[in-house]
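Here the structure comes first, spelled out in structure tokens, and everything after it is commentary.
Quick note on labels: first sequence line is chain A, next is B, and so on, each numbered from 1.
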Amino acid sequence: MDKNQVVNLMEQIAVLLALKEGSNTFEIRAYENAARALGSLDGDLATLVREGKLKGTPGLGSTIIKRIEEAFTTDHIQFYDELVAETPQVKLDMSRIPGVGPKRINTIYQQLHVNSLAELEQACKDDRVAHLPGFGKKTQDKILQGLSFLSQHADRYLYDVAEAEAERIRQALVTQPGVVRLQVAGSLRRRRETVKDIDMVLSVDDNAGSDVRRAIMEFFTSQPSVKAITGQGETKSSVILSSGIAMDLRLVGDSQFPYTLHHFTGSREHHIPLRRRALGMNMTINDYGLFKVEDGKETLVPCKTEADIYQALQLDYIEPELREDTGEIEAAARHALPELVKESDLKGVLHAHSTWSDGKNSIREMAEACIAHGYSYLGLTDHSRAAAYAGGLNPEALKRQGEEIDKLNQEFGDRFHILKGTECDILRDGELDFSDDVLASLDFVVASIHSNFNLSQEEQTQRMLRAIANPYVDIIGHSTGRILLGRPGYPLDMDQVIEAAAQHGTCIEINAHPSRLDLDWRYIRKARDKGIKIPVDPDAHALAGIDDMRYGIGIARKGWLRPQDVLNTLDFEALMAFFHVKRSKK
DNA sequence: GCCGTTTTCGGCCCGACTGTTTTCAGTCG
């Protein structure tokens with residue numbers, strides 16, 4: 001069993017414990033903490049166990065270390081198996097209903113003996129749920145609503161979908177009289193690849209009256225994209241938007257804005273150690289303020305911005321993307337946070353398609369769109385012949401494409417450069433779809449897996465390692481092949497992949513398509529720390545695809561990347577030199 | 001279940017909202 005599988009088991013144990021009657025909430029938290037602590041340790045599980053690295057890691061005590069070692073040696077955790085055996089599936093299903101937590105799940109299960117969500121729905125319709133202790137008509141209706149919502153939507157949304165919805169609402173709200181500050185918060189602000197809901201924080205003048213606040217909330221809940229109102233008050237309103245995403249708007253006086261924004265930006269995992277730090281400095285944080293505690297009395301520490309809050313805690317400002325409790329607080333205390341890459345640092349585009357394969361636009365159109373975006377080069381990478389479904393090119397077609405590129409380059413002169421490239425299929429055995437001499441005729445090569453997703457992890461990893469070791473492969477495309485909310489990636493030992501890429505000087509891209517965002521940000525920092533250059537690539541199949549670069553930048557920032565870590569922040573000459581150096585090592 | 005430069009026991013981040021009650025439990029972020 002590898003580390004990720006154990007991390008997964010720890011998370012599962014936390015969920016199962018929460019559904020067990022009479023379990024200790026702090027025990028649940030202990031397993032959640034352990035999952036994150038283990039996940040952020042470097043190295044594979046065998047090494048960690050062998051070298052005794054687990055002991056002394058904060059969050060891993062003697063019991064949990066025993067369980068991790070048990071998983072390593074016997075390939076299962078008996079405690080987990082027992083929990084699974086005693087937890088009815090319907091309890092797990094119910095935990096996905098909004099507003100229904102462990103306590104209510106247990107009440108429903110004990111008293112109504114339902115065995116499926118369908119039976120729960122029937123119980124609601126029979127008016128049996130409303131008569132349970134602590135329940136009522138409204139709770140029952142809410143459960144019914146939740147069940148219907150669950151059946152219609154997966155419970156998460158892609159970043160770009162949520163961002164577009166949020167932006168529409170933001171632009172409307174910002175025009176309203178009385179609005180002082182307005183900002184997206186939550187996981188959307190932290191640029192998570194998928195989000196569950198949208199949080200927004202709005203401030204009005206501290207002296208603004210009830211009428212102003214009510215008018216803003218009224219305006220919000222009457223927006224055309226609001227499909228249903230699930231709550232409306234002067235400080236908080238909740239709605240369901242037309243796409244199905246839930247959205248909360250919080251309204252505060254402007255002096256409270258930074259504290260509230262910070263609170264609702266999260267993450268919960270970031271806040272826990274931050275609050276512990278505050279307590280250690282005789283301060284306490286909540287969504288209304290940062291308070292100095294002296295002789296049992298609380299005095300507000302005045303902050304105009306989030307940066308002031310961090311400063312009061314003797315920390316450098318922590319960008320929202322980094323607030324995931326992966327070491328950002330310690331780094332902020334040491335003044336060691338990275339200066340994060342920005343979209344404006346990007347000099348060019350490195351993975352794009354044209355009508356030569358499955359793109360919608362010609363090379364010229366793609367190039368001109370890049371120029372319009374302010375980029376100075378385009379690395380064109382149409383598919384190779386094995387990708388027949390995508391109109392992949394054979395060596396002959398690739399040569400003719402090169403001639404067209406030569407002509408365009410002559411026309412553009414120094415103003416813009418098109419690189420000859422390919423997105424070459426990695427075949428089943430790890431061999432590339434083009435021979436070395438064909439690859440050598442190109443400026444650079446992206447290699448990707450597009451077939452045989454169902455190999456074993458061992459086979460898939462070996463296949464990838466072989467491609468990484470090919471001296472003509474400059475960049476691995478969408479390395480895990482995942483489609484967010486669509487399909488998981490093929491099984492791959494990413495630690496080995498990163499190790500090999502570092503050894504061979506092969507880049508691993510961040511595929512910026514909002515359905516991919518692959519490499520995952522959780523691995524990016526590891527890759528960076530091994531010295532791997534990471535291009536942010538749009539994998540554009542049409543002009544509009546070039547805009548996706550900004551999603552990739554969001555993920556790059558989440559992965560702690562600085563401008564110098566991102567390959568396509570290099571200018572054209574430096575980029576060509578980089579590719580040249582790699583090949584000359586052959 | 002984890003943790004400790006006051007502690008090896010008794011804490012563990014904190015407050016709002018909702019719906020249920022009539023002072024509070026459950027859920028959420």
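Taking a 4.0 Å limit (strictly below) on heavy-atom distances, residues 132-145 of chain A reaches DNA chain B at Gly134(A), Phe135(A), Gly136(A), Lys137(A), Lys138(A), Thr139(A).
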Check residues 547-556 of chain A and write down every donor-acceptor pair under 3.5 Å in which the side-chain atom is one partner and the other belongs to a residue at least two apart or another chain.
residue, atom, partner, partner atom, Å
Asp547(A), OD1, His373(A), NE2, 2.7
Arg550(A), NH1, Glu163(A), OE1, 3.3
Arg550(A), NH1, Glu163(A), OE2, 2.9
Arg550(A), NH2, Glu163(A), OE1, 3.2

Identify all side-chain donor-acceptor contacts of residues 83-95 of chain A below 3.5 Å with residues at least two apart in sequence or on another chain.
residue, atom, partner, partner atom, Å
Glu86(A), OE2, Lys20(A), NZ, 3.4
Thr87(A), OG1, Leu83(A), O, 2.6
Gln89(A), NE2, Asp93(A), OD1, 2.9
Lys91(A), NZ, Leu19(A), O, 3.2
Lys91(A), NZ, Asn106(A), OD1, 2.7
Ser95(A), OG, Leu92(A), O, 2.6

Check: Can you check salt bridge (Lys or Arg N to Asp or Glu O under 4.0 Å) on Arg190(A) and Glu269(A), steps first, answer last?
Finding: CA-CA 13 Å; Arg190(A) 300 200 316 277; Glu269(A) 288 76 14; 5.7 Å; no
Notebook entry, point to check: Base, backbone or nothing for each nucleotide of nucleotides 5-11 of chain B, written B, S, -, heavy atoms under 4.0 angstrom, 5' to 3'?
Noted result: -------
Which atoms of nucleotides 26-29 of chain B (N or O only) lie under 3.5 Å from a protein N or O atom, and what are those distances?
residue, atom, partner, partner atom, Å
dT27(B), OP1, Gly101(A), N, 2.5
dT27(B), OP1, Gly101(A), O, 2.8
dT27(B), OP1, Arg104(A), N, 2.9
dT27(B), OP2, Lys103(A), N, 3.1
dT27(B), O5', Gly101(A), N, 3.4
dC28(B), OP1, Gly99(A), N, 2.6
dG29(B), OP1, Asp197(A), OD2, 3.1

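With dC2(B), dC14(B), dA16(B) as the choices, the nucleotide that has an atom nearest any side-chain atom of Thr235(A) turns out to be dA16(B).
Looking at residues two or more places apart in sequence or on another chain, you find no ring pair (Phe, Tyr, Trp, His ring centres under 6.0 Å) involving His513(A).
A distance of about 14 Å separates the C1' atoms of dG11(B) and dT6(B), rounded to the whole Å. Taking atom P in both dT23(B) and dC28(B), the straight-line distance is 26 Å, to the nearest Å. Nucleotides dT27(B) and dT20(B) place their C1' atoms 13 Å apart, quoted to the nearest Å.
Taking a pair to require two hydrogen-bonding distances under 3.5 Å in either a Watson-Crick or a G-U wobble arrangement, dC12(B) pairs with dG1(B).
For Ile28(A) and dG1(B), the CD1 to P distance is 12 Å, given to the nearest whole Å.
In this structure, Gln110(A) places its CD atom where more than 12 heavy-atom neighbours from other residues, nucleotides or ligands lie under 6.0 Å away. Within a 6.0 Å sphere centred on CD of Glu234(A), heavy atoms belonging to other residues, nucleotides or ligands number more than 12.
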